[in-house]
Structures are given as structure tokens and as C-alpha cells.
Amino acid sequence: MRVLVTGGAGFIGGNLCRRLLADPAIDEVAVIDDLSNGHLQALDGLEVTFEHASILDDRAMARAAHGCSAIVHLAALGSVPRSIANPMSTHDANATGTLKVLEAARANGNAHVVLASSSSVYGANSAIPKTEDLQCLPVSPYAVSKLASEQYAMAYARCYDLPVLPLRFFNVFGPGQIPGHVYAAVVPVFLEAALTGLPLPVNGDGEQSRDFTYVGTVVDTIAQAVVSRTTGSPMNLAFGTRTTLNELIRMLGAALGAELGIEYRPPRPGDVRHSQAANDKLREAFPSVEPVSLSEGLESTIAWMRQHLGNRLATTAGSVS
Ligand code: NAD
């Protein structure tokens, strides 16, 4: 079985390629990534066929998808603030890009498509936990692009019988998630600040909550979905935990054995207040997946981040050792 991973040089993509290559049911892994946010280091030591191109490039997509019986579609421009700053590029990569991927799947004998959607589609719907049948009320261009992406997939399932599974990721964290850029996610941003002795930047009062999901759990679930050719309507991929950013900071402080400074900033437009997944559908579809807990996941993320920050950490005065 040949599997194409779009966005395979990204955070989740690199972890997924490693997991897929270790699966006896999978013979070959191909990646298409334009490296707009990914890095070849994510694929270090992995035997993948790499196409350095955008999913918007029809010929490159056709080359990359040739002979694939499954596509895991992760390529996208992430980040709510980025989409507010530039909605058109987010739409192109995420919504139009998904159409290109679905077309490539059709052209390859209706390859199975597992695609990354996002908890942001629930947006202004304040119900907790988020069951998949809640009305989606996106509050950012990013969230709209993700809703479009999963709905295009469902339309292809209905119109062309394409086997698809949209998975709504919540806040994924873990080794390989890089800080140091303006649209970085909260866990690497906090860890980089903590390990270099800087105050942790919090947008808002820190009482907003998230359902943090360890990347190892996410890629195990995706690999199971690929191998079992699971299809269906959009499904949450998170396990129903709810942690505020202030709690996350306390956990990081305890794990690092340090008192961490905090710099509270104004809340960001487009951010949702609370996010917690209902996971009944996920548990039913993938009963054997056992989530790695937040504290365990943070331990391995801290170990990876120490290594990633490497020399910088060693030379920074006041850093946490
Ligand atoms: P990431 O930015 O690390 O990975 C995305 C990859 O896609 C990058 O390597 C980037 O270079 C590539 N890419 C972007 N546009 C492309 C294009 N036009 N053509 C080819 N490659 C392109 O992000 P991630 O955290 O690994 O997220 C993977 C997917 O999961 C994305 O679709 C994201 O929207 C979704 N998601 C992630 C989270 C999370 O918490 N990380 C939460 C919800 C949804």
C-alpha cells in the first residue's frame, strides 16, 4: 500500500510519516510539501519519496499521488491570526488545496482520503463538550477554510463515492512542533519562553481552555484509519480533556521545577474561549487507541524541546536547566 501525506514535512506530518513507515501494512510513503511552514528535518532518516511542491500545482500533485491507495491530507496554512492577516492565501491553500487533493484521489481510482479539519469549525457555538452534530459557527477565515475543506470531502463522498474521513483535530502538541515563528502554537511558545528564562506570553486572562492532544495519539489514530480504510462524516480527534492555559503553565512549572513568569496580553480576535471534544464517535471507531496523558506528553515534549533549543539553551543566562 502506497500512502501520500500532504504537508508531510510539517509537525504532525513528520510524526505521521515515521508512524506509517513502521506499519507492516504500508509499503511506501510519499510526501508533497512546499516547505512554506515545514522543514526537511521533520523527515530526517525516513525513507519517503519527497515532492517539493504546492498541492495547488496540478502536475506535481498528480506525480505525488500516482499509484496511491490512500492520501492523508495535512497540508494547510495553519493559524487563526495568519488567516485574519491574509484570508486569501489561507483560502487558496486550505479550501482550493483540498479540492486539488480530492481530484487527485479521484484520478487514482478513488483513493481513500483522511483529512485534517479543526475544532475551530465550532467557533462561536459555546456548547461544551463539542459533539460533531453541533452547528458550526466559524469565527475566523481559517475556521471557514477548514469547514469548507471537510464539506468538500463530504460532497465528493456523496457525488463520486469517494471514501473520505475528515478528522477534527483539537490542540495537538508534542515533539517536532517548532517555536520561534510568529504563528507558532501555544505549547512550543510557552516551552521556548520557559526554557530560555522569559515570561510566558498569554493572550487574554489564561482562563480559556483547550483539549490538548498528544501527537503520538493523533498519528496512531490516523494510521489506524488509513489501514482500516475508515470512512464517515467529520469526527473529533481528541479525548475530552479540558485544560486552561493557566493550568497548563502550572503543569509546565511543576515539570520543569521552576516558577514561571507570565505576561498577560490582550485577547486575540478569532480565538474561541473554550474547547473540549466529545469523543464517543472516536472511541467507537478506534476502540484500541489509548491517549497519552497531557502530563506524560509534556515530559517527552520538554525533552525534545531541550534538544531542539540545544546550544541556545546552554548559553542563555537564567535558563531553566
Ligand atoms: P504544520 O504547519 O506544521 O504542517 C503543515 C504542512 O503543510 C507544512 O509542512 C507546510 O509547509 C505544508 N503546506 C502548507 N501549504 C502547503 C501547500 N500549498 N502545498 C504543500 N504543502 C503545504 O501544521 P500541523 O500542526 O502539522 O498541522 C497539520 C494539519 O492539521 C493542518 O491541516 C492543520 O490545519 C491541522 N490542524 C492542526 C492542529 C494543531 O494543533 N497542530 C489543530 C487543528 C488542525
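Follow the hydrophobic side-chain contacts under 4.5 Å out from Met235 and you reach Ile12 in the same cluster. Residues Leu147 and Tyr152 fall into different hydrophobic clusters, defined by Ile, Leu, Val, Met, Phe, Trp and Tyr side chains chained together at heavy-atom separations under 4.5 Å. Residues Phe190 and Leu309 fall within the same hydrophobic cluster, defined by Ile, Leu, Val, Met, Phe, Trp and Tyr side chains chained together at heavy-atom separations under 4.5 Å. Using a 4.5 Å cut-off between side-chain heavy atoms of Ile, Leu, Val, Met, Phe, Trp and Tyr, with links allowed through other members, Met61 and Leu74 fall into different hydrophobic clusters. Hydrophobic clustering of Ile, Leu, Val, Met, Phe, Trp and Tyr side chains at less than 4.5 Å, counting indirect connections, keeps Ile71 apart from Phe50.
Under the 4.5 Å side-chain criterion, counting only non-hydrogen atoms from C-beta, Pro201 is in contact with Val189. Two residues are said to be in side-chain contact when any heavy atoms from C-beta on lie closer than 4.5 Å; Val218 and Leu237 meet this criterion. Counting heavy atoms from C-beta outward, Gln177 and Val215 have side chains that stay 4.5 Å or more apart. Within the 4.5 Å cutoff, no side-chain heavy atoms of Val164 are placed close to those of Thr231. Annotation: side chain of Leu167 is in contact with side chain of Ile222 (closest heavy-atom distance under 4.5 Å). Looking at heavy atoms from C-beta onward, Val187 lies in side-chain contact with Leu248 at the 4.5 angstrom threshold. For the pair Val31 and Thr49, the minimum side-chain heavy-atom distance is 4.5 Å or more. Residues Val113 and Tyr156 are not in side-chain contact: their nearest non-hydrogen atoms beyond the backbone lie 4.5 Å or more apart.
A salt bridge links Arg268 to Asp271: at least one charged side-chain nitrogen sits closer than 4.0 Å to a carboxylate oxygen. Taking 4.0 Å as the cut-off between side-chain N and carboxylate O, Glu290 and Arg283 count as a salt-bridged pair. Contact check on Lys100 versus Asp92 returns no salt bridge, with no Lys/Arg side-chain nitrogen under 4.0 Å from an Asp/Glu carboxylate oxygen. Asp220 has a carboxylate O that lies under 4.0 Å from a charged side-chain N of Arg19, or vice versa, which qualifies the two as a salt bridge. One finds a salt bridge joining Glu103 and Arg106 here, because a Lys/Arg side-chain nitrogen approaches an Asp/Glu carboxylate oxygen to under 4.0 Å.
Closest approach of Cys17 to Val48, counting heavy atoms only: CB-CG1, 4.3 Å. Residues Val80 and Pro269 approach most closely at CG1-O, 4.0 Å, considering heavy atoms. In terms of heavy atoms, Val3 sits closest to Ile26 at CG2-CG2, 4.0 Å. Nearest heavy-atom pair across Ala64 and Ile32 is CB-CB, 4.0 Å. Contact record, Cys68 with Ala111: O-CB, 3.6 Å, taken as the closest heavy-atom pair. When all heavy atoms of Met154 and Gly232 are compared, the closest pair comes out as SD-O, 3.7 Å.
Between the side chain of Asp57 and the backbone N or O of Ala53 there is no donor-acceptor pair closer than 3.5 Å. Using a distance-only test at 3.5 Å, with no hydrogens or angles considered, no donor-acceptor pair links the side chain of Asp33 to the main chain of Ala75. Side-chain N or O atoms of Gln208 include one that pairs as donor or acceptor with a backbone N or O of Asn203 at under 3.5 Å. Judged by distance alone, with hydrogens and angles left aside, the side-chain atoms of Asn94 form a donor-acceptor pair with the main-chain N or O of Leu77 at under 3.5 Å. Here the side chain of Thr96 pairs no donor or acceptor atom with the backbone of Ala93 at under 3.5 angstrom. Side-chain atoms of Gln307 never come within 3.5 Å of backbone atoms of Met305 as a donor-acceptor pair (strictly under, hydrogens ignored). Checking side-chain atoms of His112 against main-chain N and O of Thr230 turns up a donor-acceptor pair under 3.5 Å. For Glu247 (side chain) and Thr244 (main-chain N/O), a donor-acceptor pair under 3.5 Å exists by modelled atom type. Using a distance-only test at 3.5 Å, with no hydrogens or angles considered, no donor-acceptor pair links the side chain of Lys146 to the main chain of Pro138.
With Tyr122 as reference, Arg168 is the one residue of Lys130, His274, Gln135, Arg168 to meet the side chain to side chain donor-acceptor pair (under 3.5 Å) rule. The side-chain contact (heavy atoms from CB on, under 4.5 Å) test with Val72 is passed by exactly one of Leu165, Leu16, Thr6: Leu16.
Counting only N and O atoms by type, the side chains of Ser119 and Gln276 include no donor and acceptor under 3.5 Å apart. No hydrogens or angles considered: a donor-acceptor pair under 3.5 Å links the side chains of Glu296 and Ser293. For the residue pair Asp211/Thr241, the side-chain donor-acceptor check at 3.5 Å is satisfied. Judged purely by distance below 3.5 Å, without hydrogens or angles, the side chains of Tyr214 and Thr301 never pair a donor atom with an acceptor atom. In the model, Thr98 has a side-chain atom that pairs as donor or acceptor with a side-chain atom of Ser149 under 3.5 Å.
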Is there a side-chain contact (heavy atoms from CB on, under 4.5 Å) between Asn37 and Arg82 once you walk through the steps?
CA-CA 12 Å; Asn37 199 46; Arg82 185 206 316 256; 4.2 Å; yes

Go through the steps to decide whether Asp133 and Lys281 satisfy the test salt bridge (Lys or Arg N to Asp or Glu O under 4.0 Å), and finish with yes or no.
CA-CA 11 Å; Asp133 56 2; Lys281 212 172 152 174; over 6 Å; no

Criterion side-chain contact (heavy atoms from CB on, under 4.5 Å) on Glu132 and Ser233, from CA distance to verdict
CA-CA 9 Å; Glu132 289 86 350; Ser233 55; over 6 Å; no

Passes side-chain contact (heavy atoms from CB on, under 4.5 Å), Ile84 versus Tyr142? Steps please.
CA-CA 8 Å; Ile84 293 172; Tyr142 170 74; over 6 Å; no

Apply side-chain contact (heavy atoms from CB on, under 4.5 Å) to residues Leu115 and Val101 and explain how you reach the verdict.
CA-CA 10 Å; Leu115 68 150; Val101 170; over 6 Å; no

Would you check, one step at a time, whether the test side-chain hydrogen bond (donor to acceptor under 3.5 Å, both in side chains) holds for Ser288 with Gln224?
CA-CA 9 Å; Ser288 66; Gln224 282 200 21; 3.0 Å; yes

Start with the C-alpha gap between Phe212 and Phe170, add the side-chain angles, then the distance that decides, and say whether ring-ring contact (aromatic ring centres under 6.0 Å, His included) holds.
CA-CA 7 Å; Phe212 291 101; Phe170 282 58; over 10 Å; no

If you apply the rule side-chain hydrogen bond (donor to acceptor under 3.5 Å, both in side chains), what do you find for Arg242 with Ser209, and how did you get there?
CA-CA 6 Å; Arg242 189 170 161 195; Ser209 60; 3.1 Å; yes

Carefully, step by step, assess Arg2 and Asp27 under the rule salt bridge (Lys or Arg N to Asp or Glu O under 4.0 Å).
CA-CA 6 Å; Arg2 174 177 156 98; Asp27 307 307; over 6 Å; no

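Applying the side chain to side chain donor-acceptor pair (under 3.5 Å) test to residues at least two apart or on different chains, the pairs with a partner in residues 256-265 are Asn246-Tyr264, Glu263-Arg265.
Counted within 6.0 Å of CZ on Phe286, heavy atoms from surrounding residues, nucleotides or ligands total more than 12; the atom is thus considered enclosed. Sparse packing is recorded around NE2 of His66, with 12 or fewer heavy atoms of other residues, nucleotides or ligands lying under 6.0 Å away.
To the nearest 0.5 Å, atoms CG (Asp280) and CD (Glu284) are separated by 8.5 Å. Put simply, CZ on Arg18 and CG on Asp23 are 15.0 Å apart, with the number rounded to the nearest 0.5 Å.
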